[in-house]
Amino acid sequence: VPPARCALFDPAFSAREAAVLRALGLRLIPENEEGKHDVEGEATVFYMVHCGKALYNNLLWRNWSPAALSKLVIIGNSFRGIEERLLSRILERDYSYIAKVLKGVEEMALPSHPRYLDTFNDTSVHWFPLEKLQELSPEVWDFVEEPMYQDCEDLEIIRKGE
């Protein structure tokens, strides 16, 4: 992928880090989108290792259609792991887009490294085959309300303006 086609954002980038990334020809997203990045019909790989669940949920929400989701690949925390660790009522209330897409996602865990077992032990590659997404019930696609997280106790993201 040519560097100019790579867009990056981390609210923790220092001015020096941002300058280095720009010097390498990478494009920085100018504001905190809270993960709500629209792929605009382009095949897009998101590298989101160790990110908060709300970032994944927001990304799914912003691209909530079979056509858009089928263009996404996410390298990040295992969705199956998220499902296993959260009570289903919490998953459905706070991270409803993750919950709704579980039957439409393919996931492959990255192999663990014996030296770094606790670092990348929950990292998977996720993709959304169009055929699987189209098999989901039509009601899944009807609800497109923006996630707000009022009742969420441990949000795990840096909000816009913080």
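When a residue number appears, it is its place in the shown sequence, counting from 1.
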Student: So do Val105 and Arg80 actually touch side chain to side chain, heavy atoms under 4.5 Å?
Tutor: yes
Student: Taking all heavy atoms of Asn63 and all of Ala68, pick out the closest pair and write down the distance.
Tutor: O-CB, 3.4 Å
Student: Using 30° and 60° as the class boundaries, would you call the ring planes of His37 and Phe46 parallel, tilted or perpendicular?
Tutor: perpendicular
Student: For the OG atom of Ser65 and the CG atom of Leu130, what is their distance to the nearest 0.5 Å?
Tutor: 9.5 Å
Student: Please round to the nearest 0.5 Å and tell me the distance separating atom CG of Leu69 and atom OH of Tyr97.
Tutor: 11.0 Å
Student: Hey, does Met48 have a side-chain heavy atom less than 4.5 Å from the side chain of Leu59?
Tutor: yes
Student: Just by modelled atom types, is the Ser78 backbone N or O under 3.5 Å from a matching donor or acceptor in the Glu107 side chain?
Tutor: no
Student: Rounded to the nearest 0.5 Å, what separates atom CG in Leu155 from atom CG in Asp94?
Tutor: 8.5 Å
Student: With a 4.5 Å limit on heavy-atom distance, are the side chains of Trp127 and Met108 in contact?
Tutor: yes
Student: Write down the atom of Ala7, the atom of Ile29, and the distance for their closest heavy-atom approach.
Tutor: CB-CG1, 4.0 Å
Student: Does Phe13 share a hydrophobic cluster with Ile157, counting links as ILVMFWY side-chain heavy atoms below 4.5 Å and allowing steps through other members?
Tutor: no
Student: Quick check: is Leu55 connected to Ile90 through a chain of hydrophobic side chains (ILVMFWY, heavy atoms under 4.5 Å apart)?
Tutor: yes
Student: Counting only N and O atoms by type, is there a donor-acceptor contact under 3.5 Å from the side chain of Gln134 to the main-chain atoms of Pro66?
Tutor: no
Student: Can you tell whether the side chains of Glu146 and Lys36 come within less than 4.0 Å, N to carboxylate O?
Tutor: yes
Student: Are more than 12 heavy atoms from other residues, nucleotides or ligands located less than 6.0 Å from atom NZ of Lys71?
Tutor: no
Student: Which distance, rounded to the nearest 0.5 Å, do you find between the CD1 of Ile75 and the NE2 of His126?
Tutor: 10.5 Å
Student: Closest approach of Leu26 and Cys6, non-hydrogen atoms and distance?
Tutor: CD2-CB, 3.5 Å
Student: Any donor-acceptor pair under 3.5 Å linking the side chain of Arg93 with the backbone of Cys152?
Tutor: no
Student: Would Leu28 and Val45 show up in the same hydrophobic cluster when neighbours are defined by side-chain heavy atoms closer than 4.5 Å?
Tutor: no
Student: Following the transitive rule for hydrophobic clusters with a side-chain heavy-atom cut-off under 4.5 Å over Ile, Leu, Val, Met, Phe, Trp and Tyr, establish whether Val101 and Tyr149 coincide in one cluster.
Tutor: yes
Student: To check you understand the geometry: which heavy-atom pair defines the closest contact between Leu136 and Lys103, and what is its length?
Tutor: CD2-CB, 3.7 Å
Student: Could you measure the distance from the CD atom of Glu17 to the CG atom of Asp10? Nearest 0.5 Å is fine.
Tutor: 8.0 Å
Student: For the SG atom of Cys51 and the CG atom of Asn57, what is their distance to the nearest 0.5 Å?
Tutor: 13.0 Å
Student: Is there a chain of hydrophobic side chains (I, L, V, M, F, W, Y, each step under 4.5 Å between heavy atoms) that links Phe143 to Trp61?
Tutor: yes
Student: Kindly give the heavy-atom pair with the smallest separation between Trp64 and Val144, and that separation in Å.
Tutor: CD1-CG1, 3.6 Å
Student: Give a yes-or-no answer on whether the side chains of Glu42 and Thr44 include a donor-acceptor pair shorter than 3.5 Å.
Tutor: no
Student: Of all heavy-atom pairs between Asp154 and Tyr95, which one has the smallest distance, and what is that distance?
Tutor: O-OH, 3.9 Å
Student: Using only atom types and a distance under 3.5 Å, with no angle test, would you say the side chain of Tyr56 pairs donor to acceptor with the backbone of Asn77?
Tutor: yes
